[in-house]
Amino acid sequence: ILSTFGWSSAATGAALSIQRSESGLNSPFVGTVIKKFGPKRVMAFGILLTGGSFIWMSRMQSLWEFYCAITILTLGMSFGTFIIFVAVVGNWFNKNKRKLPWRNTKDPYKIWISEVMLQQTKVETVIPYYIKWIIKFPTIEDVAKSQTDLLLKYWEGLGYYRRCINFQKSCQILFHEKNAKVPRNLDEFLKLPGVGLYTASAVLSIAYNYPIPLIDGNVNRVISRVLALNNVIKGNKNSFIIFLNKIIPKKTPGTFNEALMELGSQICKNINPLCFDCPINSFCKSKMMGVQKKFPKKIKAKSVPLIKVVT
C-alpha cells in the first residue's frame, strides 16, 4: 500500500509541475483541440484521462508505468486548465464588476459611444458625460441630424474633440447608407471614420457576441504576467492574440473581454498588483516565478538627440 501511495504521489506531483510550467495555458496542442471540438467535449475527455490515470496509478509498479501515468495525467489536467481559467475569470467578474451605465445595455450604439469616450479618459470622468449624452442623443439618427456645435458642447471637458467629430461622421454614414444600424461585420465597421480595431472588437464582442479578443493596456498586463512573456519582444504580441483566440468563449466573448479588462484595472495593477486577491494567481506563471512585477516590460521612449548649432 505504501509503495502504491508513493508512486501515485510522485506521479501527481510531477504532472502538476509539468502542467503548470509547460503545458497548461500555454499549450498550443490543447488550445487547438479545444477550438476544434469545443470546451465541453474537451473537458469531459480531460476528466476521463485524469480519472483513468489515477486508476492506473493505484496499480502501477514500474518506472515505465510511472512515466506513462505522468504523461496521461498531465494531458488530462492541461485540457481542463483552459476551461477552468475562463470559468474562474467569468465567475470573478460576475461577483466583482463595477456598476457602470454602459454595462446595462446590449445596444451597440450605446456601447460604441462609451468606448469612444473611454479612449484616453478615466472611467470616473466618462460616467456623467455618457449619461447626459444618451439622454440627449439616444440613437444614431439623433447624432447624425444634430449640429456639430451642439455635440461638441455635450463633449466639452472630455477633450480630444476629434473623437466626437469622427463619431458624428460615422453616424451620418450609417444613417444615410446603413439604415442607422451598427455593422455586424468587422471589416465594414473598420471603414468608418475614427473606428480602430480595439473599438470595433469591443462593440462587436459585447453587443453581438462576435468572438474576437481585445487587447488594451489592462489585458496586455494580465496576459503578459500569466504567460510570463515579454510584450516588447517582436512576435509576443501575436502570441497574446493567439492565446486569447484559443480560450475566448463563443457564447459570451464580450463578458470575457470585459472580465479581463476589469481584472487588469482592479487587481492586476501596473505598480502594486493585488496577487493574493487575484482569482487566477494559480495560473500565473510570473507569480509562480516571483517576477510578476517585471511584466509587462516598459517600453522606454527614445531620447531625442540634442544638436548644437554654432552660429
Side-chain angles (χ1 to χ4, degrees), residues 89-144 146 150-171 174-175 178 180-184 186 189-190 192-220 222 248-249 251-268:
V89 170
N91 184 59
W92 173 86
F93 180 66
N94 289 332
K95 291 180 179 179
N96 297 279
K97 63 183 176 183
R98 290 170 291 174
K99 293 181 179 179
L100 303 175
W102 48 85
R103 285 182 175 163
N104 298 325
T105 182
K106 285 292 183 180
D107 184 337
Y109 159 73
K110 294 176 181 177
I111 295 169
W112 181 14
I113 185 59
S114 73
E115 290 295 336
V116 174
M117 288 182 171
L118 286 166
Q119 292 170 10
Q120 301 178 331
T121 309
K122 292 182 178 180
V123 170
E124 295 76 15
T125 303
V126 167
I127 291 174
Y129 283 91
Y130 170 83
I131 293 173
K132 291 177 183 177
W133 182 281
I134 294 302
I135 292 172
K136 182 64 177 178
F137 314 107
T139 67
I140 286 176
E141 181 178 353
D142 293 312
V143 176
S146 295
L150 179 61
L151 294 173
L152 290 172
K153 187 67 179 177
Y154 274 79
W155 196 273
E156 196 172 51
L158 281 175
Y160 301 99
Y161 294 96
R162 176 60 58 183
R163 294 180 293 173
C164 179
I165 295 170
N166 282 334
F167 185 73
Q168 185 185 32
K169 288 180 180 178
S170 295
C171 288
L174 294 179
F175 176 67
K178 303 292 182 180
K181 301 291 184 183
V182 176
R184 288 176 173 266
L186 180 62
F189 205 171
L190 289 172
L192 296 174
V195 175
L197 181 59
Y198 174 83
T199 300
S201 300
V203 175
L204 293 178
S205 66
I206 297 170
Y208 296 139
N209 288 325
Y210 192 98
I212 183 171
L214 305 179
I215 292 191
D216 67 350
N218 291 318
V219 176
N220 175 73
V222 171
I248 190 167
K251 291 185 177 180
T252 55
T255 301
F256 179 70
N257 283 332
E258 287 189 279
L260 284 181
M261 289 188 285
E262 189 83 341
L263 189 64
S265 171
Q266 302 301 304
I267 299 294
C268 195

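Any value given below was found using the heavy atoms of this structure, including those in side chains, with hydrogens, waters and symmetry copies removed.
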How about OH on Tyr161, more than 12 heavy atoms from neighbouring residues, nucleotides or ligands closer than 6.0 Å, or not? yes
Taking every heavy atom of Ser170 against every heavy atom of Leu192, the minimum-distance pair comes out as OG-CB, 3.5 Å
Point to revise | Under 3.5 Å: donor-acceptor pair, side chain of Gln168, backbone of Ser146 | key: yes
field: Exam field: side chain Ser205 to backbone Ala202, donor-acceptor pair closer than 3.5 Å
entry: yes
(Q) One thing to verify: whether Glu258 and Arg103 come together as a salt bridge, which I'm taking to mean a side-chain N less than 4.0 angstrom from a carboxylate O. (A) yes
Between the main-chain N or O of Ile212 and the side-chain N or O of Asn257, is there a donor-acceptor pair closer than 3.5 Å?
-> yes
When Tyr130, Trp133, Phe167 are each screened for ring-ring contact (aromatic ring centres under 6.0 Å, His included) with Trp155, the one that passes is Trp133
Should we count CZ of Arg162 as having more than 12 external heavy atoms under 6.0 Å? no
Closest non-hydrogen contact found for Val203 with Trp112 is CG2-CA, 3.6 Å
query = Hey, is the main chain of Glu156 close enough, under 3.5 Å, to the side chain of Tyr129 for a donor-acceptor pair?
reply = yes
* Would the number of heavy atoms belonging to other residues, nucleotides or ligands and lying under 6.0 Å from NZ of Lys136 be above 12? -> no
Exercise. Would you find a donor on one side and an acceptor on the other, under 3.5 Å apart, between the side chain of Asp142 and the backbone of Thr139?
Worked result: yes
Using modelled atom types only, decide if a donor and an acceptor are shared between the side chain of Ser265 and the backbone of Met261 within a distance under 3.5 Å.
no
- Task: Could you tell me whether a side-chain N or O of Arg163 sits under 3.5 Å from a main-chain N or O of Gln119, the two making a donor and an acceptor?
- Result: yes
Distance col, row Leu204:CG vs Thr199:OG1, nearest 0.5 angstrom, shows 10.5 Å
